[in-house]
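This report concerns only the one structure given below.
This structure is a prediction, so every number in the text was calculated from the model and none was measured.
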Amino acid sequence: RGKLDACTRAAVKQGLGGGYVQIEISVDAQGNIGYLNVLETDLPRRLADCISTVLRDVRFKTGPLATWRERIDL
(Lines give C-alpha, C1' and ligand atoms only; values in the text may rest on other atoms or scores of the structure.)
Protein backbone atom coordinates (compact mmCIF):
# COMPACT_ATOMS: atom_id res chain seq x y z
CA ARG A 1 0.00 0.00 0.00
CA GLY A 2 2.91 2.34 0.73
CA LYS A 3 4.25 2.02 -2.81
CA LEU A 4 0.79 2.77 -4.22
CA ASP A 5 0.60 5.87 -2.03
CA ALA A 6 3.97 6.98 -3.41
CA CYS A 7 2.45 6.97 -6.92
CA THR A 8 -0.35 9.32 -5.91
CA ARG A 9 1.46 11.51 -3.33
CA ALA A 10 2.05 14.46 -5.69
CA ALA A 11 -1.55 14.42 -6.93
CA VAL A 12 -2.87 14.33 -3.36
CA LYS A 13 -0.74 17.35 -2.45
CA GLN A 14 -2.38 19.21 -5.35
CA GLY A 15 -5.84 18.38 -3.99
CA LEU A 16 -6.51 15.57 -6.46
CA GLY A 17 -6.84 12.78 -3.90
CA GLY A 18 -8.91 9.67 -4.31
CA GLY A 19 -9.52 7.89 -7.55
CA TYR A 20 -9.53 4.26 -8.53
CA VAL A 21 -7.96 1.72 -10.85
CA GLN A 22 -9.74 -1.42 -12.04
CA ILE A 23 -7.34 -4.15 -13.11
CA GLU A 24 -7.53 -7.60 -14.61
CA ILE A 25 -4.72 -9.93 -13.57
CA SER A 26 -3.68 -13.49 -14.29
CA VAL A 27 -1.32 -15.45 -12.03
CA ASP A 28 0.11 -18.87 -12.95
CA ALA A 29 0.61 -21.86 -10.64
CA GLN A 30 4.15 -20.71 -9.76
CA GLY A 31 2.88 -17.30 -8.61
CA ASN A 32 4.10 -15.39 -11.67
CA ILE A 33 1.93 -12.68 -13.19
CA GLY A 34 0.88 -13.68 -16.70
CA TYR A 35 -0.70 -10.34 -17.47
CA LEU A 36 -1.97 -7.27 -15.69
CA ASN A 37 -4.23 -4.84 -17.55
CA VAL A 38 -5.69 -1.55 -16.37
CA LEU A 39 -9.32 -1.81 -17.49
CA GLU A 40 -10.66 1.46 -16.15
CA THR A 41 -9.45 4.41 -14.10
CA ASP A 42 -10.26 8.01 -13.34
CA LEU A 43 -6.58 8.84 -12.80
CA PRO A 44 -4.20 10.49 -15.26
CA ARG A 45 -2.28 8.02 -17.43
CA ARG A 46 1.07 8.55 -15.66
CA LEU A 47 -0.47 7.69 -12.28
CA ALA A 48 -2.22 4.61 -13.66
CA ASP A 49 1.09 3.51 -15.23
CA CYS A 50 2.90 3.97 -11.90
CA ILE A 51 0.27 1.89 -10.09
CA SER A 52 0.45 -0.81 -12.75
CA THR A 53 4.24 -0.97 -12.34
CA VAL A 54 3.92 -1.30 -8.56
CA LEU A 55 1.36 -4.10 -8.91
CA ARG A 56 3.56 -6.00 -11.39
CA ASP A 57 6.18 -6.26 -8.61
CA VAL A 58 3.77 -8.07 -6.26
CA ARG A 59 4.82 -11.67 -5.63
CA PHE A 60 2.16 -14.32 -5.22
CA LYS A 61 2.41 -17.71 -3.54
CA THR A 62 2.22 -20.90 -5.58
CA GLY A 63 -1.26 -22.29 -6.13
CA PRO A 64 -3.82 -22.84 -8.82
CA LEU A 65 -3.92 -20.65 -11.93
CA ALA A 66 -6.10 -17.62 -11.22
CA THR A 67 -7.53 -14.73 -13.22
CA TRP A 68 -9.61 -11.98 -11.65
CA ARG A 69 -10.66 -8.34 -11.79
CA GLU A 70 -10.10 -6.01 -8.89
CA ARG A 71 -11.07 -2.39 -8.24
CA ILE A 72 -8.48 -0.57 -6.13
CA ASP A 73 -9.78 2.60 -4.49
CA LEU A 74 -7.00 5.00 -3.62
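A side chain to side chain donor-acceptor pair (under 3.5 Å) check over residues 53-65, counting only residues at least two apart or in different chains, returns the pairs S52-R56.
Smallest separation of non-hydrogen atoms from T67 and S26: OG1-OG, 3.5 Å. The two residues L74 and V21 have their closest heavy-atom pair at CD1-CG2, 4.4 Å.
Atoms CZ and CD, on R71 and Q22 in that order, are 7.5 Å from each other to the nearest 0.5 Å. A distance of 4.0 Å separates CD1 of I25 from CD1 of I33, quoted to the nearest 0.5 Å.
The closest side-chain heavy-atom distance from V27 to W68 is below 4.5 Å.
The only member of V54, L55, D49 that meets side chain to side chain contact (heavy atoms under 4.5 Å, CB included) when paired with I51 is L55.
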Which atom pairs, one a donor and one an acceptor, fall under 3.5 Å between side chains of residues 35-43 and the rest of the protein, sequence neighbours left out?
residue	atom	partner	partner atom	Å
E40	OE2	Y20	OH	2.6
T41	OG1	Y20	O	2.6
T41	OG1	L43	N	3.1
D42	OD1	Y20	N	2.9

